[in-house]
Participant: 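Got a structure for you, written out below as structure tokens; questions coming shortly.
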Amino acid sequence: MKGKRNIGRRLIRNTGTLFGLVVIGAATIIAITAYLIAPDASPDANRIIVEIGGRKPGFRQEFLLVKKPGVATVSFFQRLLYGREDAYDYVPISGYAMKGDSIVVQKFVDEGVFESRAYIFTGTSRVKTLHFWLGTDKYGRDILSRLLIGVRVSLAVGMVTVLLSISVGVLLGALAGYFRGRVDEIILWLVNVIWSIPTLLLVFAIMLVLGKGFWQVFVAIGLTLWVNVARIVRGQVLAVREREYVEAARALGYSHARILFRHILPNIMGPVWVVAASNFASAIVLEAGLSFLGVGVQPPQPSWGLMIKENYNFIITHNPMLALAPGIAIMLLVLAFNLLGNGLRDVLDVRV
């Protein structure tokens with residue numbers, strides 16, 4: 001327990017690692033509360049208002065909110081996990097006037113183009129001004145909201161990838177290093193074959209089997225990043241399998257499973273945690289690349305890579321922030337996990 005506290009103190013003293021932990025902690029909080037803090041809390045932040053598509057950061061627009069019929073209420077936990085359907089239709093306007101029980105608005109169609117429309121003004125209708133801090137994409141969706149909810153995809157792909165890569169890599173690497181001989185040759189051959197295939201090409205091949213989708217991309221990436229874990233674990237097990245405490249365990253008649261999982265693996269996990277942080281960062285970049293290419297997370301679910309794909313043409317036109325914002329978010333989160341990995345390497349005195 002005291003050793004764990006010392007590791008925590010040494011991590012916090014490292015400025016780069018502390019920055020990484022702060023960014024990861026903030027991203028985790030945002031991922032959990034995304035639908036509570038996002039300006040657009042509809043499912044996938046998919047409130048489409050095409051009239052205001054492609055607007056610059058800081059854009060403000062007045063709307064007439066017209067109540068939708070039959071919108072069901074959701075519980076707090078459903079809203080936290082999936083958001084809630086908009087209870088209103090958002091009509092962009094440039095002005096309005098009351099006439100009896102009706103409201104006559106100048107509906108915003110495009111720059112300098114307006115259309116006069118009348119709506120029955122009920123007690124549930126209201127006029128509201130919305131502020132789009134990072135602008136809107138070409139469909140008129142709020143970039144900030146999609147950026148916040150997109151954190152969930154990046155953290156989820158990293159977590160699933162790390163769990164898969166550690167599970168497969170530790171198991172195969174431990175078996176190869178402990179039993180050696182034929183088992184080692186077969187597993188090492190598999191590692192070399194997987195390693196010889198370009199990562200992106202291997203992910204494409206796996207996704208061709210699994211299909212495109214949210215969970216498929218997580219599994220595909222996870223099944224490509226285990227080889228580095230297996231190689232490191234194999235080397236560590238080979239180095240400690242002849243140590244005195246392992247020989248003593250064999251002399252006491254302990255089973256291979258107990259020796260491996262109770263006595264060897266707990267003593268060699270330091271390098272694994274460092275590689276896990278690196279795999280987390282690699283998974284975020286891979287997911288963004290796959291979504292950019294159209295084979296990762298599918299619309300309308302917000303993914304940072306997909307947001308870049310949808311808005312990259314604005315970089316050379318009038319509104320580069322639509323593509324730069326998710327790019328900067330990817331950079332910060334990847335940097336945070338790389339800094340955390342560097343800190344763990346220094347604190348655990350790992351040489352990988």
Participant: Measuring only between side-chain heavy atoms, which start at C-beta, is Ile103 closer than 4.5 Å to Ser125?
Facilitator: no

Participant: Tell me whether Phe204 at atom CZ has more than 12 heavy atoms from other residues, nucleotides or ligands lying less than 6.0 Å away.
Facilitator: yes

Participant: Once rounded to the nearest 0.5 Å, what's the spacing between atom CG of Leu322 and atom CG of Leu134?
Facilitator: 9.0 Å

Participant: Can you confirm whether more than 12 heavy atoms, excluding those of Glu244, are under 6.0 Å from its CD atom?
Facilitator: no

Participant: Specify the closest pair of heavy atoms between Leu210 and Gln216, including all atoms of both residues, with the distance to one decimal.
Facilitator: O-CG, 3.5 Å

Participant: Any chance you could lay out the side-chain contact (heavy atoms from CB on, under 4.5 Å) test for Ile308 and Ile330, step after step, and finish with the verdict?
Facilitator: CA-CA 11 Å; Ile308 295 175; Ile330 293 170; 3.9 Å; yes

Participant: Would you say Pro302 and Arg141 make side-chain contact, with heavy atoms under 4.5 Å?
Facilitator: no

Participant: Starting at NZ of Lys138, measure out to CG of Asn313 and round the result to the nearest 0.5 Å.
Facilitator: 6.5 Å

Participant: Using 0.5 Å steps for rounding, measure from the NZ atom of Lys107 to the OG atom of Ser116.
Facilitator: 12.0 Å

Participant: How close do Arg152 and Ala31 get, heavy atom to heavy atom, and via which atoms?
Facilitator: NE-O, 2.6 Å

Participant: Could you grab the distance from atom CG of Asp89 to atom NZ of Lys68, nearest 0.5 Å is fine?
Facilitator: 5.0 Å

Participant: Hey, any chance Ile186 and Leu188 share a hydrophobic cluster, counting ILVMFWY side chains that come within less than 4.5 Å of each other, even indirectly?
Facilitator: no

Participant: Between Arg47 and Asp142, is any pair of side-chain heavy atoms under 4.5 Å apart?
Facilitator: no

Participant: Within a radius of less than 6.0 Å around OH of Tyr119, do more than 12 heavy atoms belonging to other residues, nucleotides or ligands occur?
Facilitator: yes

Participant: Dump the intermediate steps for side-chain contact (heavy atoms from CB on, under 4.5 Å) on Leu335 and Phe19, then the final yes or no.
Facilitator: CA-CA 9 Å; Leu335 176 63; Phe19 171 80; 4.1 Å; yes

Participant: How about CZ on Arg84, more than 12 heavy atoms from neighbouring residues, nucleotides or ligands closer than 6.0 Å, or not?
Facilitator: no

Participant: Does atom CZ of Arg258 have more than 12 heavy-atom neighbours, drawn from other residues, nucleotides or ligands, at distances under 6.0 Å?
Facilitator: yes

Participant: Taking ILVMFWY side chains as joined if any heavy atoms are under 4.5 angstrom apart, and letting links pass through other members, which residues group with Val71?
Facilitator: none

Participant: Between Trp226 and Leu223, is there a donor-acceptor pair closer than 3.5 Å when you use the side chain of the first and the backbone of the second?
Facilitator: yes

Participant: Got a second to check how far Ile149's CD1 is from Ser303's OG, nearest 0.5 Å?
Facilitator: 13.0 Å

Participant: Run the salt-bridge test on Asp184 and Arg180 with the 4.0 Å N-O cut-off and return the result as yes or no.
Facilitator: no

Participant: Are Val168 and Trp189 connected into the same hydrophobic cluster when the rule is that any two of I, L, V, M, F, W, Y join if their side-chain heavy atoms are below 4.5 Å apart?
Facilitator: yes

Participant: Is the backbone N or O of Tyr178 less than 3.5 Å from a side-chain atom of Arg241, with the two atoms forming a donor-acceptor pair by type?
Facilitator: yes

Participant: Please tell me whether Tyr139 and Trp133 are part of a single hydrophobic cluster in this structure, the criterion being side-chain heavy atoms less than 4.5 Å apart.
Facilitator: no

Participant: Are any side-chain N or O atoms of Ser154 and backbone N or O atoms of Val151, one a donor and one an acceptor, separated by less than 3.5 Å?
Facilitator: no

Participant: Trp304 side chain to Gly327 main-chain N or O, any donor-acceptor pair under 3.5 Å?
Facilitator: no

Participant: Could you check if a side-chain atom of Val66 sits within less than 4.5 angstrom of a side-chain atom of Val91, using non-hydrogen atoms only?
Facilitator: yes

Participant: How close do Ala27 and Leu155 get, heavy atom to heavy atom, and via which atoms?
Facilitator: O-CD1, 3.6 Å

Participant: Any idea which heavy atoms bring Leu306 and Gln298 closest together, and the distance?
Facilitator: CD2-C, 4.2 Å

Participant: Does Asp40 offer a backbone N or O that forms a donor-acceptor pair with the side chain of Tyr35 under 3.5 Å?
Facilitator: no

Participant: Other hydrophobic cluster members with Phe114, side-chain heavy atoms of Ile/Leu/Val/Met/Phe/Trp/Tyr under 4.5 Å, chained?
Facilitator: Ile49, Ile52, Phe59, Phe63, Leu65, Tyr88, Tyr90, Phe108, Leu130, Phe132

Participant: Same cluster or not: are Leu190 and Ile232 linked, directly or through other Ile, Leu, Val, Met, Phe, Trp or Tyr residues, by side-chain heavy atoms under 4.5 angstrom apart?
Facilitator: yes

Participant: What pair of heavy atoms forms the shortest contact from Ala276 to Ile166, and how long is it?
Facilitator: CB-CD1, 3.7 Å

Participant: Hey, any chance Phe261 and Val233 share a hydrophobic cluster, counting ILVMFWY side chains that come within less than 4.5 Å of each other, even indirectly?
Facilitator: yes

Participant: Using atom types as modelled and distance alone, determine if a side-chain donor or acceptor of Gln61 lies under 3.5 Å from a backbone N or O of Ile93.
Facilitator: yes

Participant: Considering only heavy atoms from C-beta outward, does the side chain of Asn228 approach that of Arg231 to under 4.5 Å?
Facilitator: yes

Participant: Would you confirm whether Asn279, through its side chain, and Leu225, through its main-chain N or O, come within 3.5 Å as a donor-acceptor pair?
Facilitator: yes

Participant: Is there side-chain contact between Val246 and Tyr254, with at least one heavy-atom pair below 4.5 Å?
Facilitator: no

Participant: Check whether any side-chain heavy atom of Leu286 lies under 4.5 Å from a side-chain heavy atom of Leu200, and answer yes or no.
Facilitator: yes

Participant: Can you tell me if Arg55 uses its side chain to pair, donor with acceptor, with the backbone of Gly140 under 3.5 Å?
Facilitator: no

Participant: Is a side-chain donor or acceptor of Glu242 paired with a backbone partner of Val240 at a separation under 3.5 angstrom?
Facilitator: no

Participant: Any chance you could lay out the side-chain contact (heavy atoms from CB on, under 4.5 Å) test for Asp137 and Ile143, step after step, and finish with the verdict?
Facilitator: CA-CA 6 Å; Asp137 64 11; Ile143 290 291; 3.8 Å; yes

Participant: Are more than 12 heavy atoms, taken from residues, nucleotides or ligands other than His131, located less than 6.0 Å from that residue's NE2 atom?
Facilitator: yes

Participant: Closest approach of Val74 and Gly83, non-hydrogen atoms and distance?
Facilitator: CG2-O, 4.4 Å

Participant: Before giving the answer on side-chain contact (heavy atoms from CB on, under 4.5 Å), spell out for Thr17 and Asn342 the whole-Å C-alpha distance, their side-chain angles and the decisive distance to 0.1 Å.
Facilitator: CA-CA 7 Å; Thr17 306; Asn342 291 342; 5.8 Å; no

Participant: Does any N or O in the side chain of Ser291 come within less than 3.5 Å of the main-chain N or O of Ala288, such that one atom is a donor and the other an acceptor?
Facilitator: no

Participant: More than 12 heavy atoms of other residues, nucleotides or ligands under 6.0 Å from CD1 of Ile120: is that the case?
Facilitator: no

Participant: Is there a side-chain contact between Thr224 and Ser165 in this structure, where contact means two heavy atoms from C-beta onward sitting under 4.5 Å apart?
Facilitator: no

Participant: Can you measure from CD1 (Ile284) to CD1 (Ile221) and round to the nearest 0.5 angstrom?
Facilitator: 10.0 Å

